[in-house]
Amino acid sequence: MPDLSNFTKPIEWEVTHSASQVPIAVIRKLKLGPGQVLYFRAVTWHADIRKRELIGYWGSLAEATQNVYGLYERKLPPQKLASSGSTWREPLPLTKPKAPPAG
């Protein structure tokens, strides 16, 4: 298969949260290592991409998103996690990041 890196753009998502006026993270789909293993890399959002910080790598978009929300929600005051019915909820659970590819 020909190298399409000059013709394609990376796939990425800006993650938003109702408690924030700006995106909270950016998740990018990547293939890494000799086996081209699929990863989803999450970084904090900042308008200046040089100021973004790594959150972690996961094996699926759903898992990366869950961890972005879970980490963000742990930094919020508890009242931000109340639903419209005033019931409290816990932040989303966290999972271990995916290990980097071998080789």
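Both backbone and side-chain heavy atoms feed into the values below; hydrogens, waters and symmetry mates do not.
Going from atom CZ of F40 over to atom CD of E63 covers 10.5 Å, rounded to the nearest 0.5 Å.
Under the 4.5 Å side-chain contact rule for hydrophobic residues, V68 and L30 do not share a cluster. Hydrophobic clustering of Ile, Leu, Val, Met, Phe, Trp and Tyr side chains at less than 4.5 Å, counting indirect connections, keeps V26 apart from W13. There is no path of hydrophobic side-chain contacts, each under 4.5 Å, that joins Y39 to I11. Cluster membership for I27 and V43, using ILVMFWY side-chain heavy atoms within less than 4.5 angstrom, is not shared. Linking Ile, Leu, Val, Met, Phe, Trp and Tyr whenever their side-chain heavy atoms come within less than 4.5 Å leaves V22 and L71 in two separate clusters.
Scanning all heavy atoms of the two residues, the minimum distance from I55 to A25 falls at CD1-CB, 4.0 Å. Contact between G70 and P91 at its shortest, heavy atoms only, is O-CB, 4.1 Å. In terms of heavy-atom proximity, P23 sits nearest to E14 at CG-OE1, 3.5 Å.
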query: Under the side chain to side chain donor-acceptor pair (under 3.5 Å) criterion, do E53 and T44 qualify, and how do the steps go?
result: CA-CA 5 Å; E53 297 178 16; T44 58; 5.3 Å; no
field: side chain to side chain contact (heavy atoms under 4.5 Å, CB included) evaluation trace for E73 with E90
entry: CA-CA 9 Å; E73 290 177 348; E90 293 294 319; over 6 Å; no
query: Between Y57 and L32, is a side chain to side chain contact (heavy atoms under 4.5 Å, CB included) present by the stated rule, with each step listed?
result: CA-CA 11 Å; Y57 291 83; L32 302 174; 4.0 Å; yes
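Between L61 and K29, every side-chain heavy-atom pair lies at or beyond the 4.5 Å cut-off.
Using modelled atom types, no side-chain atom of Y72 and backbone atom of N67 make a donor-acceptor pair closer than 3.5 Å. The backbone N or O of H46 lies less than 3.5 Å from a partner atom in the side chain of R52, making a donor-acceptor pair. Formation of a donor-acceptor pair under 3.5 Å by the Y69 side chain with backbone atoms of V15 is not found in this model. At least one donor-acceptor pair closer than 3.5 Å links the side chain of K98 to the backbone N or O of L38. In this structure a side-chain-to-backbone donor-acceptor pair under 3.5 Å is present from R74 to L92.
Counting non-hydrogen atoms of other residues, nucleotides and ligands closer than 6.0 Å to CD1 of I49 gives a total of 12 or fewer.
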